[in-house]
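The analysis underlying the following values was restricted to heavy atoms, covering all of them including side chains, and did not include hydrogens, waters or symmetry mates.
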There are 2 protein chains.
Amino acid sequence: MSSSFQPTEQRLAVTRRRHPAFPYHSAVLVRLVKHIYKRVHDDTNLLLKPWGINHPEYNLLMMLYGTEDNALYASQLSEAAGEKSANITRLTNELCRKGLIERSLDEGDRRKVALSLTEQGLATIESFLPAMRGLLDQQASGLTEAEMTQLRRLLKKFLDQLDRG
Amino acid sequence: MSSSFQPTEQRLAVTRRRHPAFPYHSAVLVRLVKHIYKRVHDDTNLLLKPWGINHPEYNLLMMLYGTEDNALYASQLSEAAGEKSANITRLTNELCRKGLIERSLDEGDRRKVALSLTEQGLATIESFLPAMRGLLDQQASGLTEAEMTQLRRLLKKFLDQLDRG
DNA sequence: GCGAGTTAGTTCAGAAATGAAATATTAACG
DNA sequence: CGTTAATATTTCATTTCTGAACTAACTCGC
């Protein structure tokens with residue numbers, strides 16, 4: 001009953017009481033998303049610390065790992081990982097420095113920068129994957145399969161509207 | 001069909017194909033939350049720019065606004081807004097500097113710092129609220145009332161599990 | 001082919017956020 | 001009481017992120 005979200009919800013409820021036109025439901029959703037995101041971010045950072053990797057870096061690595069040839073252009077990586085391009089430059093610099101990925105220029109279009117996993121990057125992923133699997137499993141263990149499917153459908157619909165706006 | 005999330009989902013699907021034990025559903029949810037959060041964050045920052053306020057500052061102001069006496073202790077504000085205490089110090093410093101809130105020490109417990117809206121803070125909120133209402137309404141316009149209720153229920157359940165973990 | 005307009009990435013200065021240590025006050029307990 | 005532990009907030013060095021300007025390469029129409 002008294003989740004970590006309760007105080008937030010309480011405050012929004014007061015605002016709604018004062019301003020009946022205030023979009024209470026929408027505000028609650030947005031706040032919930034923020035709380036969840038921050039929580040996941042912190043937990044993931046903590047878990048990955050032993051591998052010297054943080055959450056955004058993990059996200060990039062996994063996006064590369066999820067391709068046939070373990071490679072993506074910077075702009076594709078940016079979209080897939082949800083990071084802005086300036087941040088991709090910084091994050092990939094760091095991952096290169098750590099030897100987990102490498103840059104290469106595309107011969108077809110020399111503006112493009114391809115980023116690909118190195119052997120070491122692949123090995124690192126395989127190494128933290130079991131722990132990460134545990135975390136992800138645990139994070140979702142409060143929901144049934146059906147609820148996860150439903151949640152995913154609703155979040156996508158929500159995101160679609162944001163894209164449209 | 002091809003939402004901004006499609007590339008991300010695609011990458012996770014490949015990973016699942018390679019590693020059937022990979023918690024695909026959970027990973028998708030977490031990524032969706034991140035995408036939505038970043039999008040909302042950007043949109044809100046943009047909308048509030050004319051008032052010289054950003055998303056986290058808005059969150060703090062609204063949490064104060066949602067109390068009977070427009071005041072909260074720093075730690076309460078931290079929990080309600082989902083910001084760490086060091087960040088609360090920084091953000092409230094800035095809001096004080098702008099004259100929107102003010103600090104006062106609690107006589108009962110002199111460790112505590114109470115933060116309260118000023119007249120100007122209140123006026124600023126009333127001033128941006130119509131625009132903010134528009135944004136929130138629009139963000140949720142893709143979902144029906146029932147879907148919003150359902151989404152909220154599922155997100156809370158998800159958050160509860162994170163708190164428990 | 002060539003100049004105007006796009007697209008892909010990077011740079012850089014400044015803003016935002018964090019962890020860990022420090023400060024100050026209060027609670028707890030022998 | 002006194003002193004140890006706990007709580008509330010701040011400080012500060014560092015890390016993370018962003019917008020805006022920039023460079024380089026490509027496209028397209030003429």
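With salt bridges taken as basic N to acidic carboxylate O contacts below 4.0 Å, one links A:Glu68 and B:Arg17. A salt bridge does not link A:Arg90 to A:Glu83: none of the charged side-chain nitrogens sits closer than 4.0 Å to a carboxylate oxygen.
Evaluation of the side chain to side chain donor-acceptor pair (under 3.5 Å) rule for A:Ser85 yields no partner, not counting sequence neighbours. With sequence neighbours left out, the ring-ring contact (aromatic ring centres under 6.0 Å, His included) criterion links B:His25 to no other residue.
In this structure, A:Tyr37 and A:His55 have tilted ring planes: the angle between them lies in the 30° to 60° band. Relative ring orientation between B:Trp51 and B:Phe128 is described as perpendicular, the plane-to-plane angle rising above 60° on a 0-90° scale split at 30° and 60°.
Taking atom CG of A:Asp109 as the reference point, atom C1' of C:dA8 lies 8 Å away to the nearest angstrom. The distance between atom OH of B:Tyr58 and atom P of C:dA16, rounded to the nearest whole Å, is 18 Å. One can place CZ of B:Arg110 at 13 Å from P of C:dA27, the figure rounded to the nearest angstrom. When rounded to the nearest whole Å, the span between CD of A:Glu79 and C1' of C:dT7 equals 15 Å. Computed from coordinates, the A:Glu94 CD to C:dT11 P distance equals 14 Å when rounded to whole Å. In this structure, B:Leu77 places its CG atom 10 Å from P of D:dT9, rounding to the nearest Å. One interatomic measurement links the two molecules: CG of B:Asn93 to P of D:dC12, which rounds to 12 Å at whole-angstrom precision. Rounding to whole angstrom units, CG of residue B:Asn59 and C1' of C:dA17 are separated by 15 Å.
Contacts classified as ring-ring contact (aromatic ring centres under 6.0 Å, His included) and involving residues 61-114 of chain A (residues at least two apart or in different chains) are given here: A:Tyr65-B:His19.
Nearest-nucleotide mapping onto DNA chain D: of A:Gly108 and B:Ala74, the residue sitting toward the 5' end is B:Ala74.
Between C:dT11 and A:Thr89, no contact under 4.0 Å exists linking OP1 or OP2 to a side-chain N or O.
Between the side chains of B:Ser4 and A:Glu79, no donor-acceptor pair is found at a separation under 3.5 Å.
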Nucleotide-resolved protein contact map, nucleotides 15-21 of chain D, B/S/- at heavy-atom distance under 4.0 Å: -SBBB--

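Non-hydrogen atoms lying under 4.0 Å from DNA chain D are contributed by B:Arg103, all within residues 99-107 of chain B.
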Derivation and outcome, side chain to side chain contact (heavy atoms under 4.5 Å, CB included), residues B:Lys157 and A:Leu143: CA-CA 7 Å; B:Lys157 208 166 171 184; A:Leu143 301 174; 3.8 Å; yes

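Within the helix from C:dG1-D:dC30 to C:dG30-D:dC1, the inter-axis angle between the opening and closing five-pair segments is 30°, rounded to 10°.
Residues B:Val28 and A:Arg152 share a closest heavy-atom pair of CG1-CD, 3.6 Å.
In this structure, the separation between OG on A:Ser127 and CG on A:Leu122 is 11.5 Å, given to the nearest 0.5 Å.
A donor-acceptor contact under 3.5 Å is formed by the side chain of B:Arg111 with the base of D:dT7.
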